[in-house]
Protein chains: 2
Amino acid sequence: MPDVATIEDVATRAGVSVATVSRALRGLPHVSPATRERVSRIAAELDYRPNPHASRLAAGRSGTIGIALPLLNSWFYGNVLAGVETVLSDDQLDMHLVTVGGREAMERFVSGLPSLSKQVDGLVIVDVFMPDQLWEDLAGGNLPVATVGIDVGRFDSVLIDNLKAARGAVAHLLELGHRRIGFIGGAIGESVEMESAEERRRGRVMALADLGIDDDNDLQMAGNFSVDGGREAMAQLLAGPQPTAVFCASDEMAIGAMQAVADAGLSVPDDVSIVGFDDQPVAAALGLTTVHQPVSAIAARAAAMVLDRVGGLDAPPIRLEVATRLEVRRTTASTI
Amino acid sequence: MPDVATIEDVATRAGVSVATVSRALRGLPHVSPATRERVSRIAAELDYRPNPHASRLAAGRSGTIGIALPLLNSWFYGNVLAGVETVLSDDQLDMHLVTVGGREAMERFVSGLPSLSKQVDGLVIVDVFMPDQLWEDLAGGNLPVATVGIDVGRFDSVLIDNLKAARGAVAHLLELGHRRIGFIGGAIGESVEMESAEERRRGRVMALADLGIDDDNDLQMAGNFSVDGGREAMAQLLAGPQPTAVFCASDEMAIGAMQAVADAGLSVPDDVSIVGFDDQPVAAALGLTTVHQPVSAIAARAAAMVLDRVGGLDAPPIRLEVATRLEVRRTTASTI
DNA sequence: CTGAAAGCGCTTACAG
DNA sequence: CTGAAAGCGCTTACAG
């Protein structure tokens, strides 16, 4: 990588101007076939690569798409990245990753937004909660944005109906005869709470209300979307309010909950029924009843929407809702 | 984000030159406190942000670190990303992600390297196999590089001893009395095979050899590092050579294998013992015996090494080997 | 079809 | 301590 050849070198050697080299190499019109051929050959010989910063500075486009998400080490976000990646790689676009977990990181993200908007051609924002004002600012810019898991109205978004999905999952437990149905969700009281966790929480309350059952707040626990968090939350539920079933906002937490049940010498589903959310491959392997959502397809759609905007699409924001389904497996059983 | 204020605007308004603004804002010396204060205030008022492309073009540094890895949607690589992220965010550095799975993507990666090396200040390469010539080319450039999971000699690297870890895992099975010990690894015959999978495979063979047991090739299966792959591989082993124990090169595959055993109406560990690799949280929850490795710490170290080089460290390549340990849990048992 | 030139928005010697 | 100016390597009207 003795980084060398500039456009100037190519131009000199080809006996043309840098303008012509630029046009020839980018496939722009108004270049004679012969010239284009010669320039291309010489560029190849010299192993010339345009300096991306120079291109971007001059052209105003960057060839990279940004993606902002709360964390990296979870099945869900890994698949989000994979989904985005598939569509970016088709267009040879690069991916600029920014993690926005917690208050401090969010502030940095927000204050870096003006810079970021010069570095990327578009932005996919996943589950990042921000004050309304910031969304407004973002909308004021001209950066194409699509959101996943949040619906801000001003941008393209792809979503699942968390409320409905959760309601359906809990309805399943109700049909099986359960009445004391716990919930394990995100970090309760966190200012940067994830919207989806909150909606799933509310979905459970609604399902209970559908049958005229009053919610018991003691049955709601924070599980931080981790296996360990799920296990600890479940241990507390078992030690205290003792639900007969628990709905978890992620498979990870559900798996932790299963562990806690086993640790307590109890059995799933004989003593406690458990439902997860996501349907990652491990869920199927464990026979976990869970809500299936097509994560990487969702992320891919969002990325495609951003690219459409980058390509010049001018239309009102599109809101795409993707279906989920309950996969009933072996961790849920009737109470009798 | 009505992207506006340039360094020129700030200079004009502050009544100084752009050079002074540049110095003042970057904390460079030779700026009077009064001037610096005034410039900073005005920059803030104007919400001025340096255009990163201009900075990079002029300064030759990019403020971003690249990371190349084979895939995104696995526990392992998610944690790699998280580990890198922690150290980058301390230095306000950005992360440029490139996925290099499969032959085609690798070719694109390689041909894009000259460009990439202008876009990033350093590069972390994880488990990406490349022809020797390419490593040599890379080394010829002046881009700081650290590798994870591969040892090229010319670059800083952080590694675990896969051979030893695998050997230890299989030795554990041998001690329990197992003799027909299967292996489920990566994609056999893939040209872009992962080095780690290959080493783990060889570790098993060595452990067998230690006891004078000849390897039975029929006991080796491809599992593609996925739950489904592990399940299918195990199903074939059960249908054919019927090992009494299986060592899997990842927890995901081990979990798939456990499912296959259950599907066959058999029990773990009574009929078949299973060992995984990674020790992701789900492994503990399932009681999976597995090889523990500190993934995000490994990745964080590699990132830190790159940053040291970016910072000017000039020293021979550092090779850091990180310890693993076998976590014996409930999926392995004695044959009697 | 092609070129000369301005311009993108910074940084960095070089003077002073 | 500060400024004028060149330069980073491209792209893009504008002429021709």
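None of the values given here were measured: they were computed from a predicted structure. Chain letters run A, B, ... following the sequence lines, proteins first and then strands; every chain starts at 1.
A donor-acceptor pair is defined here as one N or O able to donate and one able to accept, closer than 3.5 Å; such a pair exists between the side chain of A/R36 and the backbone of A/A24. At least one donor-acceptor pair closer than 3.5 Å links the side chain of A/T12 to the backbone N or O of A/E8. The closest donor-acceptor contact from the side chain of A/H96 to the backbone of A/T64 lies at 3.5 Å or more, if one exists at all.
In this structure, A/L25 places its CG atom 14 Å from P of C/dT2, rounding to the nearest Å. The NE2 atom of B/H53 sits 11 Å away from the C1' atom of C/dC8 (whole-angstrom rounding). Atom NZ in A/K118 sits about 11 Å away from atom C1' in C/dC10, given to the nearest Å. For A/N51 and D/dG9, the CG to C1' distance is 6 Å, given to the nearest whole Å. Distance CD (B/E8) to P (D/dA5): 13 Å, rounded to an integer number of Å. Here the C1' atom of nucleotide D/dC8 and the CG atom of B/L57 are 4 Å apart, to the nearest Å.
With distances taken from any side-chain atom of A/S17 to the nucleotides C/dG9, C/dA4, D/dC1, the minimum falls on C/dA4.
Here A/R49 lies in heavy-atom contact (under 4.0 Å) with sugar-phosphate atoms only.
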Requested in this report: Summarise how protein sits on nucleotides 11-16 of chain D as a single string, 5' to 3': B when a protein heavy atom is under 4.0 Å from the base, S for sugar-phosphate-only contact, - for no contact.
Outcome: SBB---

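Checking A/V98, A/V126, A/D127 one by one against A/L69, the side-chain contact (heavy atoms from CB on, under 4.5 Å) holds for a single residue, A/V126.
A 4.5 Å side-chain heavy-atom check between B/W135 and B/T147 finds at least one atom pair inside the cut-off. You'll find the side chain of A/L81 stays beyond 4.5 Å of the side chain of A/Y77, heavy atoms only. Looking at heavy atoms from C-beta onward, B/L25 lies in side-chain contact with B/Y48 at the 4.5 angstrom threshold.
Contact check, A/T35 against C/dC1: no side-chain N or O comes under 4.0 Å of OP1 or OP2.
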Residues 294-310 of chain A, side-chain donor-acceptor partners within the protein, below 3.5 Å, at least two apart:
| from | atom 1 | to | atom 2 | distance (Å) |
| --- | --- | --- | --- | --- |
| A/R309 | NE | A/D156 | OD2 | 2.8 |
| A/R309 | NH1 | A/A315 | O | 2.6 |
| A/R309 | NH2 | A/D156 | OD1 | 2.7 |
| A/R309 | NH2 | A/D156 | OD2 | 3.4 |
| A/R309 | NH2 | A/A315 | O | 3.2 |
| A/R309 | NH2 | A/P316 | O | 3.1 |

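For the pair B/S74 and B/L71, the tightest heavy-atom approach, listed with the atom from each and the gap, is CB-CD1, 3.6 Å.
Counting only Watson-Crick or G-U wobble pairs whose defining distances are both under 3.5 Å, the stems of 3 or more consecutive pairs in DNA chain C are C:1-3 with D:14-16, C:5-12 with D:5-12, C:14-16 with D:1-3.
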